[in-house]
Amino acid sequence: MQDSRPHPHDWNVSTDEAKRIQRRLASEVTERALPDGGETVAGIDVSVRDDTAQAAVSVLRLPELDVVDEATHRCEVPFPYVPGLLSFREMPAVLPALERLHSTPDVFVTDSHGAAHPRRFGLACHLGVLLDAPAIGVAKSILVGAPQGELGPEKGSRVPLVDDGETVGTVLRTRTDVNPVYVSVGHRCTLDGAADLMLDCSPRYKIPEPTRQAHKLSRAEG
DNA sequence: GCGACAG
DNA sequence: ATCTTGTCGC
């Protein structure tokens, strides 16, 4: 992936400014069909140790899920962890890592929420809008909303994640008898399409292979 | 005021 | 997220 725009965003902002930015950019999230065919999916994750963040991106090709590209970037964390403002903590480390890729992924997947967020603008949305590319959020726990109805125990089972009367995500069982993950729209995808793709990316583990690989890479030293 | 709260 | 050993189960 080649160099993106010079100053996509100023990350040194107050929490109030961050919330205003989220509310403004949330209106730019669009829903549309995901590209189909033998695509490449980039998993993104960030690990933090002693105020230093290491972002990692692992690009996998479907349907085999072979790793075809990787990149990392380390920097000081510029923002504390505040529920709802995760993107302001992790994006500064993620963007430089993306610029180091040798290819341009078709879809981006983050280990966080997209629209399943207080202002409907989680990290997956922020990434998708800044890159203007398809993005999906896959979190391991709920930030807002509640599962609608009971989720079946079988792999592939799914129920809506509803917040304030609005479907903001999908509770998806990627492994039989294992806790589900929470999928939500980041940008340029439909909720069902996102859940379908994440299921295709989880042939063996609960966590989709792209973010699973990125998680390992973010924890690796270097 | 109290509890909840992605990573 | 991170700090951490052993342990139950396929």
Side-chain angles (χ1 to χ4, degrees), chain A residues 11 15-16 18-19 21-23 25-26 29 43-58 72-95 97 108-130 135-147 153-155 160-164 166-172 174-187 191 194-195 198 202-208 210-221:
Chain A
W11 300 105
T15 58
D16 283 338
K19 291 179 182 178
I21 290 170
Q22 292 182 323
R23 282 187 276 260
L25 294 180
V29 171
I44 297 169
D45 194 27
V46 177
S47 65
V48 179
R49 271 175 26 191
D50 303 315
D51 281 346
T52 296
Q54 173 156 307
V57 187
S58 295
T72 64
H73 179 74
R74 300 180 57 169
C75 65
E76 298 301 296
V77 290
F79 209 85
Y81 169 69
V82 178
L85 301 181
L86 184 63
S87 64
F88 288 84
R89 177 179 173 78
E90 304 196 338
M91 287 288 276
V94 172
L95 295 178
F108 294 84
V109 182
T110 68
D111 67 323
S112 61
H113 291 290
H117 176 279
R119 290 166 291 284
R120 307 294 182 259
F121 199 71
L123 173 51
C125 296
H126 210 147
L127 182 71
V129 168
L130 289 193
I136 298 169
V138 180
K140 297 183 293 299
S141 62
I142 294 173
L143 175 58
V144 296
E154 298 278 310
K155 170 176 184 173
L161 176 64
V162 178
D163 179 46
D164 196 30
E166 178 182 0
T167 293
V168 297
T170 295
V171 181
L172 177 68
T174 52
R175 288 282 285 159
T176 297
D177 293 329
V178 172
N179 290 154
V181 293
Y182 305 88
V183 180
S184 56
V185 170
H187 189 46
L191 188 51
M198 291 304 93
S202 313
R204 187 177 164 104
Y205 302 101
K206 162 188 171 179
I207 302 300
T211 44
R212 207 177 78 79
Q213 290 300 324
H215 187 277
K216 287 196 292 185
L217 186 56
S218 74
R219 303 263 307 179
E221 40 199 284

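Order of the sequence lines sets the chain letters (A, B, ...), proteins ahead of strands, with each chain counted from 1. The analysis underlying the following values was restricted to heavy atoms, covering all of them including side chains, and did not include hydrogens, waters or symmetry mates.
- The aromatic ring of Y81(A) is stacked on the base of dG7(B), with the two ring centres less than 5.5 Å apart and the planes inclined by under 30°.
- Rounding to whole angstrom units, CG of residue L86(A) and P of dG7(B) are separated by 8 Å.
- With rounding to whole Å, D50(A) atom CG is found 12 Å from dA1(C) atom C1'.
- A donor-acceptor pair is defined here as one N or O able to donate and one able to accept, closer than 3.5 Å; such a pair exists between the side chain of S184(A) and the backbone of G114(A).
- Ranking dT2(C), dC5(B), dG7(B) by closeness to the E90(A) side chain, first place goes to dG7(B).
- Distance, R120(A) CZ to dA6(B) C1': 14 Å, rounded to whole Å.
- Atom CZ in F79(A) sits about 19 Å away from atom P in dA1(C), given to the nearest Å.
- Within the 4.0 angstrom heavy-atom criterion, only backbone atoms of the sugar-phosphate kind lie near S47(A); the bases stay farther away.
- Residue L85(A) holds its CG atom at 9.5 Å from CG of D16(A), rounded to the nearest 0.5 Å.
- In this structure, the NZ atom of K19(A) is 12 Å from the C1' atom of dC5(B), given to the nearest Å.
- No engagement by G137(A) is indicated, since no non-hydrogen atom pair under 4.0 Å with the nucleic acid exists.
- Heavy-atom contacts from other residues, nucleotides or ligands closer than 6.0 Å to CZ of R49(A) number 12 or fewer.
- Contact check, K140(A) against dA6(B): no side-chain N or O comes under 4.0 Å of OP1 or OP2.
- Between the P atom of dA6(B) and the CZ atom of F121(A) lies a distance of 19 Å, rounded to the nearest Å.
- If you check every strand for non-hydrogen atoms under 4.0 Å, L85(A) touches a base.
- When rounded to the nearest whole Å, the span between CG of D45(A) and C1' of dG7(B) equals 8 Å.
- Residue I142(A) is in sugar-phosphate contact alone, with no base atom involved, counting any heavy-atom pair closer than 4.0 Å across all strands shown.
- Between R219(A) and the phosphate of dT2(C), there is a side-chain N or O to OP1/OP2 separation shorter than 4.0 Å.
- Here the C1' atom of nucleotide dA6(B) and the OH atom of Y182(A) are 12 Å apart, to the nearest Å.
- If you check dG7(B), dC5(B), dT2(C) against the side chain of L143(A), the one that comes closest is dC5(B).
- Listed nucleotides: dT2(C), dA6(B), dA1(C). Nearest to the side chain of H215(A): dA1(C).
- Note: F88(A) and F79(A) have tilted aromatic rings, judged against thresholds of 30 and 60 degrees for the angle between ring planes.
- Ionic pairing of R219(A) and D45(A) is not present here: no N-O contact between side-chain nitrogen and carboxylate oxygen is shorter than 4.0 angstrom.
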